[in-house]
Visitor: 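Supplied in structure tokens, the structure appears directly below.
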Amino acid sequence: MQEVVNIIVPLSIAFIMLGIGLELCFRDFRRVFTHPRPVLTGLGNQLILLPLLTFALVYFWPMGKIYKVGFMLLAACPGGTASNLVTKMLKGKVALSVSLTAFNSFIIVFSIPFVMQLSFLLLGSDTKQFELKFTDTMQDVFLTVILPVSLGILLNEYFGHKFTDKFHQALKYILPGIMLIAFLAVIFFDESQQEVNYLDHINLFIPLFLLNFITIATGYFSSRRLHLEHKAAYTIAIEMGLQNSVLALFIANQILKDKDLSLVAVLYSSFSLITTFLIAWGIKVYLNNRIKKVD
């Protein structure tokens, strides 16, 4: 059944990114690059603030050393397709979200080994040396993110006038449906999920929920502090709340070969999509109303 997951998940990601691309155009990305402050703010949040916040939490929280390192692995794997979809569903800045995913894909090849080796050293667990293969990582990102998004944008640029409102309305339901299928495939067929008894790990769920909330709030308020507009700020908040659990699982199981290390990513992926959506929706609606009242 693991083969089913290995086929369904990448295909689902590619179809979701194609659908997202169908709602974008090249000028959306031109705005991102001509005004780079949101991208730089998002990268700073994900690559610097997120690991620092996570380290501060796990350093003082009573849990096994290997689980503390598992938290750091999760924090070192920012963003992913889920954040792009949630941003689209909440009508955030999708081009910003996709751009952050693409930039992170280049940077994490170097940042993840650095964060992990530092974590093993500071948190007292056995140090393990590893590296991510740049070509393999880029190939995965190209096939599942860059290529389908680019194809979707091209179709929208040249044939967008033929897409009816019913077509765009249908995408609002089709894309979350595809994500749900991928999620169910992982839950029921992924080998890493089969051996986990969630009720045995309530002690880890508490700091994971706390981490989810703190990182989302930090992403939003730090962005507002740097004078980003509300829409860009809650887009970055979504990016902070949804980590690339699939990549964290791959590193833990296939590279470091430690199932205890992968447990944190398994637990986080079981709820973070829902909680991030709900918290980000609350931020979008409630704080936007407060901003309007102040203005």
Side-chain angles (χ1 to χ4, degrees), residues 13-14 16-50 78-111 134 137-138 140-161 163 168 171-172 175 215-216 218-244 276 280 283-284 287-288 291-292 294-295:
I13 292 173
I16 289 170
M17 297 312 295
L18 174 64
I20 289 174
L22 287 171
E23 307 247 319
L24 294 171
C25 53
F26 289 120
R27 67 173 177 271
D28 294 322
F29 290 92
R30 279 199 294 269
R31 284 195 290 267
V32 169
F33 291 107
T34 54
H35 299 86
R37 188 150 52 97
V39 171
L40 294 176
T41 301
L43 291 175
N45 267 275
Q46 290 180 285
L47 297 172
I48 299 173
L49 278 182
L50 179 57
T81 307
S83 62
N84 304 148
L85 179 58
V86 171
T87 299
K88 182 184 181 305
M89 292 170 65
L90 292 178
K91 298 181 179 178
K93 285 188 169 292
V94 180
L96 171 60
S97 180
V98 173
S99 298
L100 287 172
T101 299
F103 277 116
N104 277 319
S105 301
F106 285 98
I107 299 171
I108 59 174
V109 175
F110 310 102
S111 64
F134 184 81
T137 304
M138 285 301 99
D140 290 341
V141 173
F142 178 77
L143 292 176
T144 60
V145 177
I146 297 175
L147 182 60
V149 165
S150 300
L151 178 59
I153 293 172
L154 286 171
L155 289 172
N156 189 34
E157 287 280 353
Y158 294 103
F159 304 101
H161 60 282
F163 299 154
H168 290 291
L171 281 180
K172 294 180 181 179
L175 298 185
T215 52
I216 293 172
T218 300
Y220 180 81
F221 288 109
S222 65
S223 299
R224 292 292 293 162
R225 187 73 176 174
L226 293 172
H227 306 294
L228 296 189
E229 61 174 318
H230 176 66
K231 197 172 183 179
Y234 75 75
T235 297
I236 291 173
I238 293 168
E239 292 289 327
M240 288 285 278
L242 283 172
Q243 308 314 311
N244 194 337
T276 300
I283 287 174
K284 174 190 173 182
L287 292 181
N288 187 47
I291 291 169
K292 287 181 178 178
V294 171
D295 294 341

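Scope of the values below: all heavy atoms of this structure, side chains included, with no hydrogens, waters or symmetry mates.
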Visitor: Got a second to check how far Ile146's CD1 is from Thr101's OG1, nearest 0.5 Å?
Guide: 10.0 Å

Visitor: Between Arg224 (side chain only) and Leu228 (backbone N and O only), is there a donor and an acceptor less than 3.5 Å apart?
Guide: yes

Visitor: Between Val39 and Leu100, what is the shortest heavy-atom contact and its length?
Guide: O-CD2, 3.5 Å

Visitor: Restricting to non-hydrogen atoms, name the atom on Phe103 and the atom on Leu43 that form the minimum distance, rounded to 0.1 Å.
Guide: CB-CD2, 3.9 Å

Visitor: Is there a donor-acceptor pair closer than 3.5 Å between any side-chain N or O of Arg37 and the backbone N or O of Leu226?
Guide: yes

Visitor: Without swapping roles, check the side chain of Tyr220 against the backbone of Thr215 for a donor-acceptor pair under 3.5 Å.
Guide: no

Visitor: For Thr276 and Gly241, work out which heavy atoms get closest and say how close.
Guide: OG1-O, 3.4 Å

Visitor: Going by distance alone, is a donor N or O of one side chain under 3.5 Å from an acceptor N or O of the other, for Asn45 and Glu239?
Guide: no

Visitor: Is there side-chain contact between Val98 and Met17, with heavy atoms separated by less than 4.5 Å?
Guide: yes

Visitor: With rounding to the nearest 0.5 Å, note down the distance linking CG in Leu24 to CD in Glu157.
Guide: 10.0 Å

Visitor: Would you find a donor on one side and an acceptor on the other, under 3.5 Å apart, between the side chain of Asn84 and the backbone of Ser97?
Guide: yes

Visitor: Should Met89 and Leu175 be marked as a side-chain contact (heavy atoms from CB on, under 4.5 Å) after you check the CA-CA gap, both sets of side-chain angles, and the distance that decides it?
Guide: CA-CA 9 Å; Met89 292 170 65; Leu175 298 185; over 6 Å; no

Visitor: To the nearest 0.5 Å, how far apart are OG1 in Thr81 and CG in Leu85?
Guide: 9.0 Å

Visitor: Give the C-alpha distance, both sets of side-chain angles, the deciding distance and a yes or no for side-chain contact (heavy atoms from CB on, under 4.5 Å) between Leu154 and Phe26.
Guide: CA-CA 8 Å; Leu154 286 171; Phe26 289 120; 3.7 Å; yes

Visitor: Keeping His230 on the side-chain end and Lys284 on the backbone end, is there a donor-acceptor pair under 3.5 Å?
Guide: yes

Visitor: Any chance you could lay out the side-chain contact (heavy atoms from CB on, under 4.5 Å) test for Tyr234 and Thr87, step after step, and finish with the verdict?
Guide: CA-CA 9 Å; Tyr234 75 75; Thr87 299; over 6 Å; no

Visitor: Run the side-chain contact (heavy atoms from CB on, under 4.5 Å) test on Ile238 and Ile216 for me, step by step, so that the C-alpha distance in whole Å, both residues' side-chain angles and the decisive distance to 0.1 Å come before the verdict.
Guide: CA-CA 6 Å; Ile238 293 168; Ile216 293 172; over 6 Å; no

Visitor: Are Phe159 and Leu22 close enough that some pair of their side-chain heavy atoms sits under 4.5 Å apart?
Guide: no

Visitor: Is the closest side-chain heavy-atom distance between Thr41 and Pro38 below 4.5 Å?
Guide: no

Visitor: Give, for atom CD1 of Ile153 and atom CG of Leu18, the distance between the pair rounded to the nearest 0.5 Å.
Guide: 10.5 Å

Visitor: Would you name the heavy atoms of Gln46 and Pro78 that are closest together and state the gap between them?
Guide: NE2-CB, 3.6 Å

Visitor: Rounded to the nearest 0.5 Å, what's the gap from CG on Leu96 to CD1 on Ile236? Could you check?
Guide: 5.5 Å

Visitor: Using every non-hydrogen atom in the two residues, find where Lys88 and Gly19 come nearest and quote the distance to one decimal.
Guide: CE-O, 4.5 Å

Visitor: Are Glu229 and Lys93 ion-paired here, with the side-chain N under 4.0 Å from a carboxylate O?
Guide: yes

Visitor: For Glu23 and Asn156, run side chain to side chain donor-acceptor pair (under 3.5 Å): C-alpha distance rounded to whole Å, both residues' side-chain angles, the deciding distance at 0.1 Å, then the answer.
Guide: CA-CA 7 Å; Glu23 307 247 319; Asn156 189 34; over 6 Å; no

Visitor: For Gly219 versus Ser223, what's the shortest heavy-atom pair and its separation?
Guide: O-OG, 2.6 Å

